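Remarks on the structure that follows.
The basis for the numbers below is simple: all heavy atoms, side chains too, and nothing from hydrogens, waters or symmetry mates. By convention in this document, chain letters (A, B, ...) are assigned in the order of the sequence lines, proteins followed by strands, and residues within each chain are numbered from 1. These numbers were taken from a predicted model, which means no experiment stands behind them.
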Number of protein chains: 2
Amino acid sequence: MSEPALRPTIADARRAAGRIASHAVRTPLIDSPELDEAAGARVLIKAENLQRTGSFKFRGAYNAVAALTEDRRQSGVVAVSSGNHAQGVAEAARIFGIRATIVMPPDAPAMKRERTVRSGARIIAYDRSSEDRDAVAARVVAERGGVLIHPYNDPDVIAGQGTAGLEIAEDCAARGIRPDMVVVPCGGGGLSSGIGLAVRDRFPAASIVLVEPEGFDDYARSLASGRLETNPKTAGSVCDALLAPSPGPIGFSINRANGAIAVAVSDAEALAAVAFAFRELKLVVEPGGAVALAALLSGRLEVRDRTVVLVISGGNIDPPVLRRALET
Amino acid sequence: MSEPALRPTIADARRAAGRIASHAVRTPLIDSPELDEAAGARVLIKAENLQRTGSFKFRGAYNAVAALTEDRRQSGVVAVSSGNHAQGVAEAARIFGIRATIVMPPDAPAMKRERTVRSGARIIAYDRSSEDRDAVAARVVAERGGVLIHPYNDPDVIAGQGTAGLEIAEDCAARGIRPDMVVVPCGGGGLSSGIGLAVRDRFPAASIVLVEPEGFDDYARSLASGRLETNPKTAGSVCDALLAPSPGPIGFSINRANGAIAVAVSDAEALAAVAFAFRELKLVVEPGGAVALAALLSGRLEVRDRTVVLVISGGNIDPPVLRRALET
């Protein structure tokens, strides 16, 4: 993973859109007068929590599985994930009728685990603190066969996530809206790079803002230093979906070329955004999926009088976590 | 209220759409592969929980307030409501800068009460069991002045709710979908009659199905007998939004002309639908807003291989009620 040899193009994102069309949900771009008023801006929400499997991950996973040759695909697929990519890969495998094996930390949220099992995947646990998840995945592939679908450092996965950006661009254009800024939750950078690729193809002046959990700001530090920085920890944020150890090189090269900037939000801010989404937007959002909204609500973005697209990336939240968000 | 003298037309609904356009949310018509699979049908969700104020009621309330002459409007507005119509009227009044007084039962959900107050309305409590709410409202109008905005028996309110039906029809037509059935939560019948009016203008073969809470099936009995029947109780269902005492005559004449049928669901089925919406659809839905979904999930509708539009009508649920739904 030294050089991003296979950076996807807008044509790859368009091809992905054709592949996923009859299986993925074309998620809405939702207005919210309440949020406009709270932010003093025009805000549009790309609600990827309404995507099949409850997060955007199905887009990239399905596209990557669909892009495999029939022979390779029949060997099955393997993925490493704390839950949303797991569900995406498991559901794509179910649709294609192939085997899926998921390497998952034992502290993954119960809902994510259950929904992955429901799609028919086999789950193999690993220890986040003592085992290298990529090494565990490599061992699974060696022992059981199958193609590893990386959660973000894969051009087909990024092209798949880019379909969310194509939809944002199409819906904005159809409604005569020119987005000034697109704000995207960021773990390994697959979603933000895919969306940036697609949105800036149509709206080259749109700025791309990545939002990370505090203490897991590898992307911000990598953009500052120009090389791939790593997080000191692998766990310890309520945003379980955003704890990738460092940026994926392919997405990083795209985000960097797009001049993306990154901001961080605290757990408390992420939970406050989960509560706001529940009370005001009537959307079920998980903490990691709420960080772009959190960045807006906590005043970390300069948005007054601008047009902002906020991506809500996932909604697989366990009820006790929602309760915690509503009680704080 | 003997004869429906002022039955609204499709032209009234179109005029309402123009009035509300810059204030209401054009709510999405959402696909759900999970729901399609669960129901063995093509299901589209009209998500009115994503409407401004968290329910469809804003449409009719805003249209009715906008339709007043300037002089009448300046005298303020009065409404009787357990919460969603209250919020709609209060928010419309706020936008027009006029006074709103809401007659509300003291057992109204906390969230609905708080959001009504937040919009600047004055709340007057009444006792559901001993006082006639219409009499209380008449007294308020006599004492304080203002125009009473009825929650459903008003042609402007019905025309406003009809804008949801116009959007369903437009979105279906744009996507090449012909709905076989539109399933709508039903209290006094304002939403169902408005939606029926608009959908059947474009799709005359679409059947209209109303869903009521068990024990509050005044609409089903009225459709059967041909006259306005009354519920024996005024409280006692988890579906607080659907406890109107009897059908509004104007909407009833529309629903009857449309050949609407009505089914009832239990509290347990409504709560199971709230939980399904949380877990699978990632939508926050209140029990009364979930009854159309409940009718589908509980197998009360013959939908196999048909195309069904389900209306989710509101999302103003207090957290303890959601907890109860998730624990059953």
Side-chain angles (χ1 to χ4, degrees), chain A residues 21-37 44-55 58 62 91 94-95 110-111 114-115 118-119 171 174-175 274-275 277-286 289 312 314-320 322-327, chain B residues 21-37 44-45 47-55 58 62 87 91 94-95 110-111 114-115 118-119 171 174-175 274-275 277-286 289 312 314-320 322-327:
Chain A
S22 54
H23 299 285
V25 175
R26 194 183 207 290
T27 58
L29 194 62
I30 304 172
D31 276 299
S32 164
E34 285 90 348
L35 193 49
D36 288 357
E37 214 160 286
L44 298 142
I45 298 160
K46 180 64 170 172
E48 279 294 299
N49 55 327
L50 306 181
Q51 185 52 263
R52 187 170 193 152
T53 73
S55 92
F58 177 75
Y62 186 88
E91 183 68 357
R94 186 175 77 91
I95 293 168
M111 178 180 281
E114 284 156 19
R115 290 167 57 104
R118 187 176 78 178
S119 286
D171 288 1
R175 291 159 65 179
V274 167
F278 177 89
R279 292 199 187 96
E280 305 297 332
L281 308 178
K282 307 306 177 188
L283 294 173
V284 179
V285 185
E286 62 183 281
I312 284 181
N316 292 311
I317 185 172
D318 284 343
L322 176 63
R323 198 171 314 154
R324 183 178 154 202
L326 292 172
E327 281 165 4
Chain B
S22 55
H23 298 286
V25 175
R26 193 183 209 290
T27 58
L29 194 62
I30 303 172
D31 277 299
S32 164
E34 286 89 348
L35 192 50
D36 287 357
E37 213 160 286
L44 298 141
I45 298 160
E48 278 294 299
N49 55 329
L50 307 182
Q51 184 53 263
R52 186 170 192 152
T53 72
S55 93
F58 177 75
Y62 186 89
Q87 288 173 74
E91 182 70 357
R94 186 176 76 93
I95 292 169
M111 180 181 280
E114 284 157 19
R115 290 166 58 103
R118 187 176 76 178
S119 286
D171 288 0
R175 291 158 66 179
V274 168
F278 177 89
R279 290 200 187 97
E280 305 296 333
L281 307 179
K282 308 304 176 188
L283 294 174
V284 178
V285 185
E286 62 183 281
I312 284 182
N316 291 311
I317 184 171
D318 283 343
L322 176 64
R323 198 172 314 155
R324 181 177 154 202
L326 292 172
E327 280 165 3

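Using a 4.5 Å cut-off between heavy atoms, A:I317 touches chain B through backbone and side chain atoms alike. Residue A:R175 does not touch chain B at all, counting heavy-atom pairs closer than 4.5 Å. For B:E286, no part lies near chain A; criterion is any non-hydrogen pair under 4.5 Å.
Counting non-hydrogen atoms of other residues, nucleotides and ligands closer than 6.0 Å to CZ of B:R324 gives a total of 12 or fewer.
Between atom CD of residue B:Q51 and atom CG of residue A:D31 there is a gap of 10.0 Å, rounded to the nearest 0.5 Å.
Residues A:V25 and B:S32 fail the side-chain proximity criterion, which asks for heavy atoms closer than 4.5 Å.
For B:S119, the side-chain hydrogen bond (donor to acceptor under 3.5 Å, both in side chains) partners at least two apart in sequence or on another chain are B:E91.
At least one donor-acceptor pair closer than 3.5 Å links the side chain of A:E34 to the backbone N or O of B:T53. Not a single donor-acceptor pair under 3.5 Å links the side chain of A:K282 to the backbone N or O of B:N49. Side chain of B:R279 to backbone of A:M111: no donor-acceptor contact under 3.5 angstrom is found.
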Given side chain to side chain contact (heavy atoms under 4.5 Å, CB included), test B:L283 with A:V284 step by step and report yes or no. CA-CA 6 Å; B:L283 294 174; A:V284 179; 5.8 Å; no

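Contact record, A:L281 with B:L50: O-CD2, 3.2 Å, taken as the closest heavy-atom pair.
Ion pairing between a basic and an acidic side chain is recognised when a charged N comes within 4.0 Å of a carboxylate O; A:E37 and B:R94 show such pairing.
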